[in-house]
Amino acid sequence: IVDVVVLTVEAAEKSMEEYSCHELLPASDGDSTEIPPKQVIEYTDPDAINEKRDLIAGKSSGIYAVTFERHRRAEFQSLDGNQRLHISKSTRYKSGQQSYWYSYHPHNEAYLREVSNGYLVLGMMDKDDIYVIPEQDMTEIKQHLNTTTKDNKTYWHLTIHDNQSEFFLLLSKKGEKMSLNKYKIA
């Protein structure tokens, strides 16, 4: 039975591969309608992400005159434990209205709230710009962000737009954009 199930799944996958993402199908009026191409998701190399986070932590250390060490994958803490960073990065989107997109989860917020100086840090894989948003500001900002709830867990969407000279955070629920200039450290 296991062999039959595996063979059936493989056959179904193979038959799905036979349909080109640009294949023409007859429409009800006899014309042809093109199937839109599949969206290709490009993943950034995890080593490149870690290198970028380390670079951002190093720059932040220089600006705040403290040394930040990696606490977890995207979480950094000062040696004295009084300051924390959650470093989130994004790769530039090539299409659509958003330039960069980040998620902010309740566990990120909780990590930053455990100290008096917790910061959400937004980095960009293709730029040297760094935006450091104090957790206290995020408490206000997140009220105006879109959310996703999955498996009874909600997280916030940070959508960044740019106009070639300045970056803006989309406050979707207000229908406004907020300049990130005051949070820029590099």
Side-chain angles (χ1 to χ4, degrees), residues 43-44 46 48-93 96-186:
Y43 292 97
T44 305
I49 293 170
N50 282 329
E51 286 177 27
K52 187 69 169 189
R53 284 187 176 129
D54 289 339
L55 179 69
I56 291 169
K59 286 184 178 182
S60 299
S61 291
I63 289 172
Y64 293 109
V66 301
T67 300
F68 288 102
E69 291 187 326
R70 187 181 301 270
H71 190 230
R72 290 188 195 100
R73 186 180 67 154
E75 297 171 345
F76 292 75
Q77 183 170 283
S78 61
L79 295 178
D80 64 8
N82 292 326
Q83 296 183 57
R84 288 186 174 174
L85 308 175
H86 174 79
I87 301 176
S88 190
K89 67 84 209 151
S90 178
T91 301
R92 178 179 282 278
Y93 283 79
Q97 293 183 356
Q98 64 191 18
S99 299
Y100 299 91
W101 180 89
Y102 307 85
S103 61
Y104 185 58
H105 295 264
H107 66 271
N108 305 140
E109 181 180 48
Y111 176 76
L112 298 177
R113 282 188 172 181
E114 290 174 0
V115 296
S116 57
N117 295 304
Y119 303 95
L120 173 63
V121 182
L122 305 178
M124 301 162 183
M125 292 301 292
D126 64 328
K127 294 194 167 294
D128 293 330
D129 297 43
I130 301 170
Y131 298 91
V132 178
I133 306 173
E135 188 282 321
Q136 295 88 345
D137 288 12
M138 279 305 300
T139 298
E140 171 62 26
I141 292 169
K142 73 180 186 181
Q143 297 174 41
H144 308 294
L145 302 176
N146 282 341
T147 59
T148 293
T149 300
K150 204 175 202 179
D151 300 326
N152 292 324
K153 296 179 183 177
T154 300
Y155 63 89
W156 298 273
H157 299 248
L158 286 91
T159 303
I160 307 296
H161 296 261
D162 75 297
N163 64 5
Q164 305 303 323
S165 63
E166 187 175 4
F167 287 89
F168 298 90
L169 175 62
L170 180 62
L171 302 176
S172 304
K173 291 183 178 178
K174 287 175 80 173
E176 298 176 4
K177 292 180 183 177
M178 179 185 86
S179 172
L180 290 175
N181 279 346
K182 73 179 187 175
Y183 300 113
K184 187 175 181 177
I185 65 166

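Position 1 is the first residue of the sequence, and the numbers go up from there.
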Could you please spell out the steps behind the side-chain contact (heavy atoms from CB on, under 4.5 Å) verdict for Tyr100 and Leu158?
-> CA-CA 8 Å; Tyr100 299 91; Leu158 286 91; over 6 Å; no
Please assess Arg92 against Asp162 for the test salt bridge (charged side-chain N to carboxylate O under 4.0 Å, His left out), listing each intermediate value before the final yes or no.
-> CA-CA 11 Å; Arg92 178 179 282 278; Asp162 75 297; 3.3 Å; yes
Would you sort out whether Tyr64 and Tyr119 count as a ring pair (Phe, Tyr, Trp, His ring centres under 6.0 Å), showing the intermediate values?
-> CA-CA 12 Å; Tyr64 293 109; Tyr119 303 95; 5.6 Å; yes
Going through the checks in order, is the side-chain contact (heavy atoms from CB on, under 4.5 Å) test met by Asn163 and Phe168?
-> CA-CA 8 Å; Asn163 64 5; Phe168 298 90; 3.7 Å; yes
Full working for side-chain contact (heavy atoms from CB on, under 4.5 Å) between Arg70 and Phe76 | CA-CA 4 Å; Arg70 187 181 301 270; Phe76 292 75; 3.7 Å; yes
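The distance from the CG atom of Leu85 to the NE2 atom of His71 is 12.0 Å, given to the nearest 0.5 Å. Interatomic distance, Ile133 CD1 to Tyr183 OH, rounded to the nearest 0.5 Å: 6.0 Å.
Judged by distance alone, with hydrogens and angles left aside, the side-chain atoms of Asp137 form no donor-acceptor pair with the main-chain N or O of Pro134 at under 3.5 Å. Of the possible polar contacts, none joining the Arg53 side chain to the Ile56 backbone as a donor-acceptor pair under 3.5 Å is found. In this structure, the side chain of Ser78 does not engage the main chain of Thr67 through any donor-acceptor pair within 3.5 Å. A donor-acceptor pair under 3.5 Å is absent between the side-chain atoms of Tyr102 and the main chain of Val121, judged by distance alone. In terms of modelled atom types and a separation under 3.5 Å, the side chain of Thr91 and the main chain of Met125 share no donor-acceptor contact.
Remark: the Ser88 side chain and the His86 side chain contain no N/O donor-acceptor pair separated by less than 3.5 Å.
The side-chain heavy atoms of Trp156 and Met138, taken from C-beta on, include no pair separated by under 4.5 Å. Residues Leu170 and His161 form a side-chain contact, since some pair of their non-hydrogen atoms from C-beta on lies under 4.5 Å apart. In this structure, Leu120 and Leu112 have side chains that are in contact, with non-hydrogen atoms separated by less than 4.5 Å.
Within the structure, the salt bridge (Lys or Arg N to Asp or Glu O under 4.0 Å) test picks out the following pairs touching residues 109-124 (sequence neighbours left out): Arg84-Glu114, Glu109-Arg113, Glu109-Lys142, Arg113-Glu135.
Counting non-hydrogen atoms of neighbouring residues, nucleotides and ligands closer than 6.0 angstrom, the CZ atom of Arg72 exceeds 12 such neighbours.
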Counting only pairs under 3.5 Å, give me each side-chain donor-acceptor contact of residues 172-180, with atom names and distances, residues two or more places apart or in other chains.
| residue | atom | partner | partner atom | Å |
| --- | --- | --- | --- | --- |
| Ser172 | OG | Asn146 | ND2 | 3.3 |
| Ser179 | OG | Glu166 | OE2 | 2.4 |
| Ser179 | OG | Asn181 | N | 3.2 |

